[in-house]
Amino acid sequence: MRRKGRRKRSGNNKMFDAEIFSIGTEILMGRIMDTNSPWLASNILSIGGEIRRITILPDTIEEVSSAIREAIRRGPMFLIITGGLGPTPDDITVDAICSALKVGKFLHEPTLETFMERRGIGRDQVTQSMLKMATVPEGAEVLVNPVGWAPCIKIKAGKTTIFSMPGPPREMKAIFREHIMPFLLSLNMGKRMVRRAFVHMSESEISPIMEEIMSSFPGTYLKAYVSLRRSHDEPLPVDIVISGDDEEGTRRKMEEVIEKIEEMVRGKGKRIEVEHG
């Protein structure tokens with residue numbers, strides 16, 4: 001029997017994989033929540049990507065550079081990093097990338113000129129904070145931050161393309177939508193859709209149905225969220241994730257899978273409700 005939770009690809013799906021790093025000691029201390037990673041994962045999944053892992057790291061060069069090197073050895077197509085690009089001493093992501101890739105860093109003059117234009121100042125009024133945010137690893141492509149200051153850094157490392165974005169959610173989302181999402185969509189590597197069902201069954205009851213569905217429909221992944229159910233009287237949330245080559249085919253497949261799940265659950269005398277797409 002195939003182990004529960006393992007994703008199964010169809011032979012025609014050309015999907016990309018990614019890892020997400022969220023940088024910030026304050027996250028590890030529980031002072032703030034990491035909302036960037038779930039948002040990125042959801043958006044990447046929706047366009048055909050597969051998230052291999054999400055890692056939260058402290059603001060130390062050694063920890064972050066070591067984690068980057070390990071990710072590069074694993075070889076995901078993309079490593080997406082948020083946080084650590086601001087002007088303060090604990091913003092160390094550029095230095096960590098340089099350390100991991102064994103490259104130097106340089107002042108990106110076009111970025112600095114953008115800073116000066118936006119503030120209406122001359123070179124003699126440039127601050128150390130501005131110089132720091134305009135400094136990038138050698139070999140990096142610099143993508144303008146449409147709503148903030150620190151730019152997005154794009155750099156290749158072996159098989160992996162690294163995108164490093166600022167941590168504030170408003171800036172991260174704007175950069176992702178303007179630069180990263182169009183780039184990922186240009187790869188034309190498939191489509192994903194997600195629907196959530198609520199089944200009035202226990203995990204042990206739904207598990208055989210999930211296994212049969214994933215086995216019968218390649219490119220389908222089901223995940224039951226036991227932790228989201230506050231009592232046994234509540235329905236069990238189950239995500240239905242469908243991977244396909246195009247939107248229309250993926251949509252048809254989703255409807256087929258939903259129809260089959262509903263048939264199997266009701267065949268057991270149980271109730272199921274599926275969210276509208």
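Only heavy atoms go into these numbers, but all of them, side chains included; no hydrogens, no water, no symmetry mates. It should be emphasised that the depicted structure is a prediction, and the values quoted were computed from it without experimental measurement.
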Point to revise | Ionic contact status for Glu171 with Lys173, cut-off 4.0 Å | key: no
**Study point:** Aromatic Tyr225 / basic Arg196 pairing, under 6.0 angstrom, 45° off normal
**Key:** yes
Point to revise | Basic-acidic side-chain contact under 4.0 Å: Glu248, Arg252 | key: yes
Practice item. Ignoring hydrogens and angles, state whether a donor on the side chain of Ser202 or Ser204 is under 3.5 Å from an acceptor on the partner side chain. Key: yes
Practice item. Step by step, work out the side-chain hydrogen bond (donor to acceptor under 3.5 Å, both in side chains) result for Ser22 and Asp34. Key: CA-CA 7 Å; Ser22 189; Asp34 173 25; 3.2 Å; yes
Exercise for review: Kindly indicate whether a cation-pi arrangement holds for Lys159 with Phe78, taking the cut-offs as under 6.0 Å to the six-membered ring centre and within 45° of the axis.
Suggested key: no
Review point. Salt bridge between Glu138 and Lys105, side-chain N to carboxylate O under 4.0 Å?
Key: no
Review point. Any chance the side chains of His200 and Glu234 put a donor and an acceptor closer than 3.5 Å?
Key: no
Exercise for review: Just do the salt bridge (Lys or Arg N to Asp or Glu O under 4.0 Å) check on Glu205 and Lys270 with the steps written out, would you?
Suggested key: CA-CA 10 Å; Glu205 290 174 319; Lys270 303 293 184 175; 3.8 Å; yes
Review point. Leu85, Leu143: one ILVMFWY side-chain cluster at the under-4.5 Å cut-off?
Key: no
Review point. Any Lys/Arg nitrogen of Arg52 or Glu50 sitting under 4.0 Å from an Asp/Glu carboxylate oxygen of the other?
Key: yes
Practice item. Walk me through it: do Lys154 and Glu141 pass the test salt bridge (Lys or Arg N to Asp or Glu O under 4.0 Å)? Key: CA-CA 5 Å; Lys154 177 185 175 186; Glu141 179 181 350; 3.7 Å; yes
Review point. Using a side-chain heavy atom cutoff under 4.5 Å and only I, L, V, M, F, W and Y, what cluster partners does Ile68 have?
Key: Phe21, Ile23, Leu57, Ile61, Val64, Ile72, Leu79, Ile81, Ile92, Ile97, Leu101, Val103, Ile155, Ile162
Check your understanding: ring pair (Phe, Tyr, Trp, His ring centres under 6.0 Å): which pairs involve residues 37-62, sequence neighbours left out?
Key -> Trp39-Phe176
Study note, to complete from the structure: Hits for side chain to side chain donor-acceptor pair (under 3.5 Å) against Asp59, two or more places apart or cross-chain, chain-then-number order -> Thr25
